[in-house]
Amino acid sequence: MVRVGILGATGYTGVELIRILSNHEDVQIKYLSSQNFNGKKIEDVYHSLKGFCDAELHELKIDDIVENCDVVFAALPSGYAMNIAEKLCSSGVKLIDLGADFRFDDFNMYKEWYGSDKNDYGSVSRVYGLPEIHRQEIKKAMVVGNPGCYPTSVILGLAPALKSGMIESHIIVDSKSGISGAGHSPKLGNMYAECNESIKPYNVANHRHIPEIEQELSKLNFEDTKVVFTPHLTPMTRGILSTMYCKLKKDISIENLHDIYSQFYKDEYFVKVLNIGEYPSTKSVYSSNFCHIGLEIDKRSNTLIVMSSIDNLVKGASGQAVQNMNIMFGIDENKGLKMVPVFP
Ligand SMILES: NC(=O)c1ccc[n+]([C@@H]2O[C@H](COP(=O)([O-])OP(=O)(O)OC[C@H]3O[C@@H](n4cnc5c(N)ncnc54)[C@H](OP(=O)(O)O)[C@@H]3O)[C@@H](O)[C@H]2O)c1
């Protein structure tokens, strides 16, 4: 049995981790932390967990984590996991951080976009936790930087095209996200009356996911790759739909393109390349760890259009984190994650 701790267990990704892990036969939830709900049982904070998890919430104490856990999921705001990573690693406890602390190859990139009073990662070596791209490194990792939700949808959507060298290295990405992407703390712009029946762009050309997307796309492309990224807040609870526009270097048929994508993902349980003419939706992946990818070519402008959908809280966060845990502990990669999307 893998003994698991979840830090930030009362947040949206924390609760989603508990939901998924409650159905995972190889796991025991041993430690839950919260800032504001200490002493309460998680099932009394979130009634959806009644009968599934009656563990108590604790103040984050590193010695208790080390004593009780083999792996820790940090579902905390960015900047916190960094403070505990060295101690966890030296004690043999693995860390999967759902925040941004360990997503970057270059610490300066993290510092520039997120701010930090630190100057480097210290002795902590880390792996970018997108299993479909970095599976072999994840197997050996002590610390995994779980990808952001938008980056997961974008990188999975573009990886086959970039690897095959068919597109230019300037890409336009238009993404839509459900409101749970912003977490459970109340914010004026996320209130029902403010966002229902409305769709609005935010952080245009300066969203924090840009450097992470560019880092991974550049590695796949073997050259510096830039994205123009516009995220939108949409009035739905879960889901991300990303549409990517890429200039094709030469003519390619939709059949040939579809073959390249199908071949690239042929062994991937969680990535489904849709049939030609089919387009993804957030509804079709709701509450699941799947990523659906649709493809189209605009012949008039010689543009490849890739559409990719995920559930931000599952493949975009907690499901992917459990997928990473499975890989790190030599468990079947899809264990605990075979849930059928909820439809309608
Ligand atoms: N939401 C998404 O779709 C999504 C997707 C991918 C990645 N992420 C990332 O995952 C992380 C968690 O996101 P979330 O949406 O679950 O956030 P959230 O709903 O706002 O929850 C944050 C959690 O962290 C705890 N916390 C906050 N400040 C703390 C502090 N100073 N010390 C200890 N605990 C503290 C909160 O505890 P209390 O509320 O109990 O006080 C809560 O349990 C973030 O880094 C986020 O960027 C989120």
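This structure is a prediction, so every number in the text was calculated from the model and none was measured. Every number for a ligand or one of its atoms is a count from 1 in the order of the listing.
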With heavy-atom distances below 4.0 Å as the criterion, list the atoms of ligand 1 near [X].
X      : value
Gly99  : 45 (O)
Thr10  : 37 (O), 38 (P), 39 (O), 40 (O), 42 (C), 43 (O)
Tyr12  : 16 (O), 19 (O)
Phe37  : 40 (O)
Ser78  : 45 (O)
Gly316 : 5 (C), 6 (C)
Gly181 : 1 (N), 2 (C), 3 (O)

Run the numbers on Tyr121 and Phe104 for ring-ring contact (aromatic ring centres under 6.0 Å, His included), then give the verdict.
CA-CA 10 Å; Tyr121 281 116; Phe104 294 94; 8.2 Å; no
What residue and atom, counting heavy atoms only, is the protein's closest point to [atom], and at what distance?
atom                    : result
atom 7 (C) of ligand 1  : Leu98 O, 3.4 Å
atom 34 (N) of ligand 1 : Leu76 CD2, 3.4 Å
atom 1 (N) of ligand 1  : Ser180 O, 3.0 Å
atom 31 (N) of ligand 1 : Tyr80 OH, 3.0 Å
atom 26 (N) of ligand 1 : Pro77 CD, 3.9 Å
atom 22 (C) of ligand 1 : Ala75 O, 3.9 Å
atom 17 (O) of ligand 1 : Gly183 CA, 4.0 Å
atom 4 (C) of ligand 1  : Thr13 CG2, 3.6 Å

Step by step, would you call Ile331 with His24 a side-chain contact (heavy atoms from CB on, under 4.5 Å)?
CA-CA 11 Å; Ile331 301 168; His24 195 305; 4.1 Å; yes
Looking at ligand 1, would Leu313 count as a contact under a 4.0 Å heavy-atom criterion?
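Within the 4.0 Å threshold, so yes.
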With respect to Leu313, which candidate in Ile20, Val15, Thr13, Leu17 satisfies the side-chain contact (heavy atoms from CB on, under 4.5 Å) definition?
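Looking at Ile20, Val15, Thr13, Leu17, the match for Leu313 under the side-chain contact (heavy atoms from CB on, under 4.5 Å) is Thr13.
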Non-hydrogen atoms of Lys335 and Asn326 that approach each other most closely:
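That closest heavy-atom pairing would be O-ND2, 3.0 Å.
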Assert yes or no for the condition that the ring centre distance of Phe107 to Tyr110 is strictly below 6.0 Å.
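Centroid distance Phe107-Tyr110: below 6.0 Å, so yes.
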Is the distance between the ring centroids of His209 and Phe229 less than 6.0 Å?
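They do not qualify: ring centres at least 6.0 Å apart.
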Around atom CZ of Phe52, are there more than 12 heavy atoms from other residues, nucleotides or ligands closer than 6.0 Å?
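Incorrect, the count does not exceed 12.
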Look at atom NZ of Lys61 and say whether more than 12 heavy atoms of other residues, nucleotides or ligands are closer to it than 6.0 Å.
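Check fails, neighbour count at 12 or below.
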State whether Arg238 and Glu16 are salt-bridged, where the test is any N-O pair (Lys NZ or Arg NE/NH1/NH2 against Asp/Glu carboxylate O) under 4.0 Å.
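Salt bridge: yes.
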Give the C-alpha distance, both sets of side-chain angles, the deciding distance and a yes or no for side-chain contact (heavy atoms from CB on, under 4.5 Å) between Gln320 and Thr152.
CA-CA 9 Å; Gln320 183 137 270; Thr152 296; 3.1 Å; yes
Ligand 1 versus Ala100, non-hydrogen atoms closer than 4.0 Å: side chain, backbone, both, neither?
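No part of Ala100 comes within reach of ligand 1.
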Flag [X] as yes when one of its N or O atoms lies below 3.5 Å from any N or O atom of ligand 1, and as no otherwise.
X      : result
Gly8   : yes
Gly148 : no
Asn312 : yes
Asn36  : yes

Answer with yes or no whether the side chains of Thr282 and Asp311 bring together a donor and an acceptor at under 3.5 Å.
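Their side chains do not contain a donor-acceptor pair, so the 3.5 Å distance test is not met.
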Under 3.5 Å side-chain donor-acceptor pair for Gln323 and Asn334
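Side-chain D/A pair, Gln323 to Asn334: absent.
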Between the candidates Lys187, Arg103, His184, which shows the shortest non-hydrogen contact distance to atom 19 (O) of ligand 1?
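Comparing heavy atoms across Lys187, Arg103, His184, the nearest one to atom 19 (O) of ligand 1 lies in His184.
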Please work out which of Ala317, Gly178, Pro151 has its closest non-hydrogen atom nearest to atom 5 (C) of ligand 1.
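The residue whose heavy atom sits nearest atom 5 (C) of ligand 1 is Ala317.
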Is there a protein heavy atom less than 4.0 Å away from atom 47 (O) of ligand 1?
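Looking at atom 47 (O) of ligand 1, one finds that no protein heavy atom lies closer than 4.0 Å.
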Working for side-chain contact (heavy atoms from CB on, under 4.5 Å), residues Glu296 and Tyr279
CA-CA 9 Å; Glu296 198 57 89; Tyr279 302 142; 2.5 Å; yes
Test ring-ring contact (aromatic ring centres under 6.0 Å, His included) on His207 and Tyr150; report intermediate values, then the result.
CA-CA 10 Å; His207 192 282; Tyr150 286 123; 5.3 Å; yes
